[in-house]
Amino acid sequence: MMTAAIALFIGKFFIMANKEEIKLDKLPSHIAIIMDGNGRWAKKRGNQRIFGHRNGVAAVRDTVEAAAEIGIQYLTLYAFSTENWNRPKLEIDALMGLLVQTLSSETPTLLKNNVKLNVIGETSSLPKDVAKQLNEVLEVTSKNTGLLLTLALSYSSRWEIIEAVKKIAYKIESGELKAKDITCDQFTDNLTTARIPDPELLIRTSGEFRISNFLLWQIAYAELHFTPTLWPDFRRDDLYKAILDFQSRERRFGKISEQVVTNN
Ligand code: FPP
């Protein structure tokens with residue numbers, strides 16, 4: 001009992017120490033997260049995969065609150081990929097149900113933290129009840145001025161890139177644009193993330209070292225942080241650790257060390 005109390009005290013001390021080490025003037029403005037490991041978390045406990053997804057909601061809540069609190073401007077969560085439509089129907093239905101339920105139950109948390117919701121992905125393929133609930137929360141939070149929380153739903157980067165290419169091709173077809181005038185900025189403006197700066201930090205949980213078709217264009221210069229923590233166990237302390245890791249990196253953008261001002 002005594003040992004547990006001491007461990008809790010030491011744990012709390014380190015959590016606070018971590019947060020206090022963060023340089024608030026050097027925060028990444030945009031953090032993107034590949035939330036992974038829900039299924040394994042549930043399996044380890046002898047439960048169905050949806051049990052892991054349900055427990056992932058607490059991790060989403062704590063991460064969003066912590067990001068808003070610390071002053072992160074943009075947070076993008078990979079909640080459901082285009083490829084996830086290939087999962088068993090039972091899991092897809094359960095995930096969609098969980099989305100509706102969570103969007104509704106978490107609206108007060110979003111409002112309390114001045115969070116504005118945004119969605120990227122092929123939303124036309126979402127079930128009607130999910131689309132309806134999403135639109136409600138998008139509307140209710142539309143006037144918020146704090147963190148922009150983007151949910152990537154039915155999203156994949158290759159889908160997004162092809163959609164951008166189509167938009168540009170139509171503009172060329174109609175004579176609005178000349179092929180020689182296509183620039184990186186032009187291309188960026190045709191992505192679903194137009195007007196959102198590129199993520200400076202990308203986090204992936206569960207010990208996998210993959211990007212899984214997420215924001216491929218946008219993460220060109222992102223710092224990558226991989227953690228073995230399974231998503232349902234991810235909490236604000238893990239976010240602070242990722243930010244500290246980010247702040248320890250020297251971001252050179254192709255230049256040499258002497259040319260850049262370090263984050264330290
Ligand atoms: C990846 O874990 C997780 C998902 C595909 C879904 C993420 C959904 C949530 C966290 C639930 C709520 C989300 C919001 C935004 C309200 P996995 O199933 O691939 O895990 P595994 O790799 O261990 O199988």
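What you see below is based on every heavy atom in this structure, not just the backbone, and it leaves out hydrogens, waters and symmetry mates. Whatever order the structure lists them in is the order used to number ligands and atoms, beginning at 1. Worth saying up front: this structure is predicted, and the values here are computed from it rather than measured.
Closest protein heavy atom to atom 1 (C) of ligand 1: M35 O, 3.1 Å. Protein heavy atom at the shortest distance from atom 13 (C) of ligand 1 is V60 CG2, 4.1 Å. In terms of protein heavy atoms, atom 6 (C) of ligand 1 is closest to A79 O, 3.3 Å. Taking atom 19 (O) of ligand 1 as the reference point, the nearest protein heavy-atom neighbour is R87 NH2, 2.7 Å. N38 ND2, 3.8 Å is the protein heavy atom nearest to atom 9 (C) of ligand 1. Counting only heavy atoms of the protein, atom 12 (C) of ligand 1 lies nearest to V57 CG2, 3.9 Å.
Side chain of S104 to main chain of V100: no donor-acceptor pair is present (N/O by atom type, distance under 3.5 Å, no hydrogens or angles). Between the side chain of Y78 and the main chain of L153, no donor-acceptor pair closer than 3.5 Å is present. A distance-only check finds a donor-acceptor pair linking the side chain of E160 to the backbone of T192 [under 3.5 Å].
W85 does not carry R87 over the face of its six-membered ring by the limits of under 6.0 Å from the centre and within 45° of the normal.
Applying the side chain to side chain donor-acceptor pair (under 3.5 Å) test to residues at least two apart or on different chains, the pairs with a partner in residues 170-181 are K171-N190.
Ligand 1 places these atoms under 4.0 Å from at least one heavy atom of L151: 15 (C). Contact atoms of ligand 1 toward T102: 16 (C) (distance under 4.0 Å to a heavy atom of the residue). Against a heavy-atom cut-off of under 4.0 Å, D36 is close to the following atoms of ligand 1: 1 (C), 2 (O), 17 (P), 19 (O), 20 (O), 21 (P), 22 (O). Residue H53 has at least one heavy-atom neighbour below 4.0 Å for each of these atoms of ligand 1: 4 (C), 6 (C), 11 (C), 18 (O). Set against the non-hydrogen atoms of N84, the atoms of ligand 1 under 4.0 Å away are 5 (C). Here is the list of ligand 1 atoms found below 4.0 Å of a heavy atom in R40: 21 (P), 22 (O), 23 (O).
Put simply, no part of S206 is less than 4.0 Å from ligand 1, judged by heavy atoms. Every heavy atom of L77 sits 4.0 Å or more from the atoms of ligand 1. Residue contacts with ligand 1 do not include R54, since none of its heavy atoms lies under 4.0 Å from the ligand.
More than 12 heavy atoms of other residues, nucleotides or ligands lie within 6.0 Å of NZ in K167, so this atom counts as buried by the packing criterion. Heavy atoms of other residues, nucleotides or ligands lying less than 6.0 angstrom from CG of L90 number 12 at most. Atom CD of E65 is surrounded by more than 12 heavy atoms from other residues, nucleotides or ligands within 6.0 Å.
With a 4.0 Å heavy-atom cut-off, ligand 1 is reached by no atom of L230. Contacts of E106 with ligand 1, taken as heavy-atom pairs under 4.0 Å, are absent altogether. Only the side chain of W231 comes within 4.0 Å of ligand 1, counting heavy atoms alone; its backbone N, CA, C and O stay farther away.
In the hydrophobic clustering of ILVMFWY residues, with side-chain heavy atoms under 4.5 Å counting as a link, L201 and L149 come out together.
Expressed to the nearest 0.5 Å, how far NZ of K19 lies from CG of D237 amounts to 11.0 Å.
Between Y78 and ligand 1, a contact under 3.5 Å exists for no N or O pair.
Side-chain atoms of S154 and S125 form a donor-acceptor pair, as typed in the model, at a separation below 3.5 Å.
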**OP:** May I have the step-by-step check of salt bridge (charged side-chain N to carboxylate O under 4.0 Å, His left out) for E208 and R40, ending in yes or no?
**Re:** CA-CA 12 Å; E208 304 288 355; R40 276 163 285 168; 3.1 Å; yes
